[in-house]
Amino acid sequence: QVQVVESGGGLVQAGGSLRLSCAASGSMRSYYTMHWYRQAPGKLRELVATITGAGTTNYADSVKGRFTISRDNAKNTVYLQMNQLNTEDTGVYYCNAAFGSYSYWGQGTQVTVSS
């Protein structure tokens, strides 16, 4: 079993920055692919960023150039550095760990960007 816990959300003004953390425990290993998703009120959950065990990253077009995903395999922790935030970035951010048929989700952390 893998346990995934997000933290670092909060209220921030437009143009500001926030750093989210995703800590995994249990049977989590460095070869899992990690994802950040987000869900705004009334919207579908969308994929924001991905990082593989080898360190390859991908981003949604809406956040590319502003967000950076990284991982510290020794700590089983994934980060999402969010810069130049705008109100459209508001939502609940979820961390997902995936490998083969296995998929584990955290409880989410709220990010609110005010104008």
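One is the number of the first residue; the rest follow in order along the sequence.
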- Task: Answer with yes or no after comparing the ring centroid distance for Trp105 and Tyr37 against a 6.0 Å cut-off, counting only values under it.
- Result: yes

- Is it true that Tyr79 and Tyr93 fall in one hydrophobic cluster, defined by side-chain heavy atoms closer than 4.5 Å? no

- Transitively linked via ILVMFWY side-chain contacts under 4.5 Å: Val63 with Leu47? no

- Message: Is it the case that the side chains of Gln81 and Asn83 hold a donor-acceptor pair, with the cut-off being a distance below 3.5 Å and no angle test?
- Response: yes

- Task: Would you check if the side chain of Arg19 reaches a backbone N or O of Gly9 as a donor-acceptor pair within less than 3.5 Å?
- Result: no

- Please report the shortest heavy-atom distance between Ile69 and Met34, naming the atom on each side. CD1-O, 4.1 Å

- Going by heavy atoms in the side chains, are Met82 and Asp89 under 4.5 Å from each other? no

- Please report the shortest heavy-atom distance between Val78 and Trp36, naming the atom on each side. CG1-NE1, 3.7 Å

- Query: Crowded around Gln3 CD? As in, over 12 foreign heavy atoms under 6.0 Å?
  - Reply: yes

- Near Gln107 CD, under 6.0 Å, is it more than 12 heavy atoms from other residues, nucleotides or ligands? yes

- Message: Using the ring centroid of each side chain, check whether Tyr31 and Phe99 are separated by less than 6.0 Å.
- Response: yes

- Are Ser17 and Val12 side-chain neighbours, meaning at least one heavy-atom pair lies under 4.5 Å? no

- Shared hydrophobic cluster, Leu18 / Val48 (ILVMFWY, side-chain heavy atoms < 4.5 Å): yes

- Message: Looking at every non-hydrogen atom in both residues, tell me the closest pair between Arg38 and Ser62 and how far apart they are.
- Response: NH2-OG, 3.5 Å

- Side-chain heavy atoms of Tyr104 within contact of Asn96, under 4.5 Å: no

- Query: Could you give the distance from CG (Leu44) to CD (Gln39), rounded to the nearest 0.5 Å?
  - Reply: 7.0 Å

- Do the side chain of Thr90 and the main chain of Thr112 share a donor and acceptor less than 3.5 angstrom apart? no

- Item | side chain to side chain contact (heavy atoms under 4.5 Å, CB included) assessment of Ile51 paired with Thr33 | CA-CA 6 Å; Ile51 187 166; Thr33 295; over 6 Å; no

- Task: Could you give me the CA-CA distance, side-chain angles and deciding distance for Thr109 and Val92, then say whether side chain to side chain contact (heavy atoms under 4.5 Å, CB included) is met?
- Result: CA-CA 5 Å; Thr109 185; Val92 178; over 6 Å; no

- Which heavy atom in Ala49 sits nearest to a heavy atom in Tyr59, and how many Å separate them? CB-CD2, 3.7 Å

- Message: I'd like to know if the side chain of Asn76 pairs up with that of Ser25 as donor and acceptor (distance under 3.5 Å, no hydrogens or angles considered).
- Response: no

- Query: For Gln84 and Gly65, which heavy atoms make the closest approach, and how far apart are they?
  - Reply: NE2-O, 4.4 Å

- Message: Looking at every heavy atom in both Ser114 and Thr87, which two are closest together, and how far apart are they?
- Response: C-CG2, 4.2 Å

- Query: So do Ser27 and Val2 actually touch side chain to side chain, heavy atoms under 4.5 Å?
  - Reply: yes

- Task: Could you go through the side chain to side chain contact (heavy atoms under 4.5 Å, CB included) check for Gln13 and Val113 one step at a time?
- Result: CA-CA 5 Å; Gln13 288 186 323; Val113 184; over 6 Å; no

- Message: Strictly distance-based, threshold 3.5 Å: is any side-chain N or O of Glu6 a donor or acceptor partner for the main-chain N or O of Cys95?
- Response: yes

- Item | Derivation and outcome, side chain to side chain contact (heavy atoms under 4.5 Å, CB included), residues Thr57 and Thr52 | CA-CA 7 Å; Thr57 59; Thr52 69; over 6 Å; no

- Query: Does a donor on one side chain and an acceptor on the other come within less than 3.5 Å for Asp72 and Thr77?
  - Reply: no

- Message: Taking the side chain as everything from C-beta on, heavy atoms only, tell me whether Leu20 gets closer than 4.5 Å to Phe67.
- Response: no

- Query: Just checking, Arg45 and Tyr94: is the charged tip under 6.0 Å from the six-membered ring centre and within 45° of the axis?
  - Reply: yes

